[in-house]
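Counting starts at 1 for both ligands and their atoms, in listed order.
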Amino acid sequence: MSGDTLIQVQQLHRYYGPLHAVQGVDFSLNRGEVLGFLGPNGAGKTTTMQMLSGNLAPSAGRVLIHGHDILDEPRAAKAALGYLPEQPPLYRELTVLEYLHYCARLNRIPKPQIAAAVDRAQERCGLGQVGKRLIGNLSKGYQQRVGIAQAIIHTPEVVILDEPTVGLDPIQIREIRALIRELGQEHSVILSTHILPEVQTTCDRVLIINRGRIALQDDLAGLDARLQQGGFRVGLQQPPTVETLLAMPGIERIERLDTQHFLLFCDTGFEPAAFAREAVEQDWGLNELSPQMRTLEQVFIDITCREETDKEAAA
Ligand code: ATP
C-alpha cells in the first residue's frame, strides 16, 4: 500500500442469512480525497460503512486503514478513523461539552490534551455557542454537528460519514455540506449518500454502488459527462415530420412529448447551433432548445442494463 493510500478495501462481502448484501467490493481512498459513496436505498452503503469502521465483521475480504487490518489491529486502525453512523451515537441527556469530553476519553486522547481537543472540535463544527446545552434540546442540524464533532475529536486522517444530511431541512443541509467540504481540507472523507447533488457539491471522486456491487468509479467530471448525455428538449411551433428530424446529424432517437415538443436523444455528432440554424431556415418556429440532464436513476438504470447485457454477452 502506498503512503498516500489511507483505506484499502479488498473483495469485501457480507451476507445477512441468504441475502448477499455486499458482493466483492474493492476500492481505495487516497490522502486528501473526498470520496462520494453513492447508491440507491438498500444498495449496501451502510453495510459497507459499518465494515470499514470495524462495527460489522465482513463475511469475507479485508479492510486496511493506514496499512492496519481493521480486524487484526483494531486499535491502530481505529485511531486513524472517525465515524458518523447513520444513527448518530448521541446521549440526549448530556450537554455538548460533557459528551465531547466523554468521546475524547473513549478515543484515548491523553488527559492533558482533552480540553484543547474538545475546544477545537467544537469550534470546527460551529458548536461554540451551544456547549452547555443538552443534546436532546438541540435542533437536528446541531445534533448532526455534534455527531461530526465526535467523529473528528481525535483528528483522524479519515472521516466516514454515513448519510449525514438525512432528515435535515434545506438550510441545515447546506450548512452540513459546507462543513463536510471544510473537513475535506484536513481529512480524507468518505461520504455515503443516495443524493446526487450531495456528491456534486462536496466530493472529488464518486463510487456508485448498486445491489451490493461497485457499478462505477469516476471523478466528478466523468459523472457530470454521463449526466449530460440526456439529449435536448425542443419546442417547434410548426414541426416537420419525425422522419425529417431523425435525418438530421447526431439525432439517434426522438420521443414526442406533445404536438410541439420533442426529446432528442443525441450522439456527439449533434450540434445545437446547426440544429437551431436549420430550424430558423425551415421556419419550424423554434421556441425552445434546452439540454436535458439525466437523473441519477437513469444513470443507475443504464449501468444496471449494461451489466446485464455484459453478462448475457459473456454467457
Ligand atoms: P439505505 O440508504 O436505505 O440505508 P443502504 O445502501 O445503506 O440503504 P444497507 O442498509 O447496507 O443499504 O442494506 C443492504 C441490504 O441489506 C438491504 O437489502 C437491507 O435490507 C439488508 N440489510 C441491512 N441490514 C440488515 C440486517 N441487519 N439484517 C438483514 N438484512 C439487512
Side-chain angles (χ1 to χ4, degrees), residues 7-29 34-63 65 70-71 78 81-90 140-141 143-144 147-148 150-151 158-170 172-173 176-177 180 188-203 205-218 223 226-227 295-308:
I7 294 193
Q8 183 94 53
V9 175
Q10 298 166 345
Q11 277 302 300
L12 209 55
H13 290 260
R14 173 73 202 196
Y15 286 89
Y16 293 114
L19 176 72
H20 199 177
V22 173
Q23 307 184 18
V25 162
D26 284 299
F27 70 92
S28 55
L29 174 76
V34 180
L35 174 68
F37 202 73
L38 185 65
N41 288 337
K45 301 182 297 293
T46 294
T47 303
T48 306
M49 296 304 116
Q50 287 176 333
M51 292 192 282
L52 288 190
S53 57
N55 287 288
L56 182 72
S59 305
R62 287 181 87 193
V63 175
I65 313 281
I70 191 94
L71 293 181
K78 286 184 183 178
L81 200 71
Y83 177 44
L84 176 67
E86 203 173 8
Q87 310 288 342
L90 302 177
K140 202 141 192 292
Q143 289 184 358
Q144 200 64 324
I148 294 176
Q150 67 74 32
V158 180
V159 182
I160 298 177
L161 307 171
D162 192 1
E163 304 256 9
T165 59
V166 164
L168 303 186
D169 70 33
Q172 293 168 336
I173 288 177
I176 293 295
R177 286 184 189 161
I180 295 169
S188 300
V189 178
I190 298 183
L191 169 72
S192 132
T193 178
H194 63 275
I195 306 164
L196 176 64
E198 193 134 302
V199 166
Q200 290 173 310
T201 54
T202 48
C203 300
R205 189 158 67 90
V206 62
L207 200 147
I208 293 183
I209 182 167
N210 193 32
R211 299 190 201 161
R213 290 174 191 274
I214 302 290
L216 180 80
Q217 295 205 45
D218 212 337
L223 178 67
R226 278 171 197 275
L227 293 167
T295 64
L296 187 57
E297 281 65 33
Q298 287 166 326
V299 173
F300 285 142
I301 290 167
D302 288 353
I303 291 168
T304 318
C305 292
R306 201 184 57 214
E307 279 176 350
E308 267 151 29

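- The nearest protein atom to atom 1 (P) of ligand 1, hydrogens excluded, is given as Gly42 N, 3.7 Å; this is a heavy-atom distance.
- Near Ala43, meaning under 4.0 Å from any of its heavy atoms, are these atoms of ligand 1: 5 (P), 6 (O), 12 (O).
- No side-chain heavy atom of Met49 sits less than 4.5 Å from a side-chain heavy atom of Pro85.
- The side-chain heavy atoms of Ser192 and Ile209, taken from C-beta on, include no pair separated by under 4.5 Å.
- Looking at Leu56, Thr46, Thr193, it is Thr46 that brings a heavy atom closest to atom 7 (O) of ligand 1.
- The protein atom (non-hydrogen) at minimum distance from atom 4 (O) of ligand 1 is Glu86 OE2, 3.4 Å.
- Of the protein's non-hydrogen atoms, Tyr16 CE1, 3.4 Å is the one closest to atom 23 (C) of ligand 1.
- No side-chain heavy atom of Leu207 sits under 4.5 Å from any side-chain heavy atom of Leu216.
- Under 4.0 Å from ligand 1, not a single heavy atom of His194 appears.
- At a 4.0 Å heavy-atom cut-off, ligand 1 does not touch Ile209 at all.
- Within 4.0 Å of atom 12 (O) of ligand 1, at least one protein heavy atom is present.
- Numbered from 1 in the order shown, with element, the atoms of ligand 1 that lie under 4.0 Å from a heavy atom of Lys45 read 2 (O), 5 (P), 6 (O), 7 (O), 8 (O), 11 (O), 12 (O).
- No heavy atom of Ser192 sits closer than 4.0 Å to any atom of ligand 1.
- Using a 4.0 Å cutoff on heavy atoms, Gly44 counts as a contact of ligand 1.
- Between Thr48 and ligand 1, a contact under 3.5 Å exists for no N or O pair.
- With no hydrogens or angles considered, no side-chain donor-acceptor pair links Gln11 and Arg62 at under 3.5 Å.
- If you check the side chains of Gln23 and His13, you find no donor sitting under 3.5 Å from an acceptor.
- Below 4.0 Å from some heavy atom of Pro40 lie the following atoms of ligand 1, by number and element: 6 (O).
- Thr47 OG1, 3.6 Å is the protein heavy atom nearest to atom 9 (P) of ligand 1.
- Within 6.0 Å of the CD atom in Glu86, the count of heavy atoms belonging to other residues, nucleotides or ligands exceeds 12.
- Heavy-atom contacts of Ala21 reach the following atoms of ligand 1: 15 (C), 16 (O) (cutoff under 4.0 Å).
- Below 4.0 Å from some heavy atom of Glu163 lie the following atoms of ligand 1, by number and element: 2 (O).
- Residues Cys203 and Leu35 are not in side-chain contact: their nearest non-hydrogen atoms beyond the backbone lie 4.5 Å or more apart.
- Contact annotation: the side chain of Gln8 never approaches that of Phe27 to less than 4.5 Å [non-hydrogen atoms, C-beta and beyond].
- By the 4.5 Å heavy-atom criterion applied to side chains, Phe37 and Thr48 are counted as neighbours.
- Residues Gln143 and Pro88 are not in side-chain contact: their nearest non-hydrogen atoms beyond the backbone lie 4.5 Å or more apart.
- With hydrogens left out, the protein atom closest to atom 20 (O) of ligand 1 is Leu19 CD2, 4.7 Å, a heavy atom.
- Looking at heavy atoms from C-beta onward, Leu191 lies in side-chain contact with Pro164 at the 4.5 angstrom threshold.
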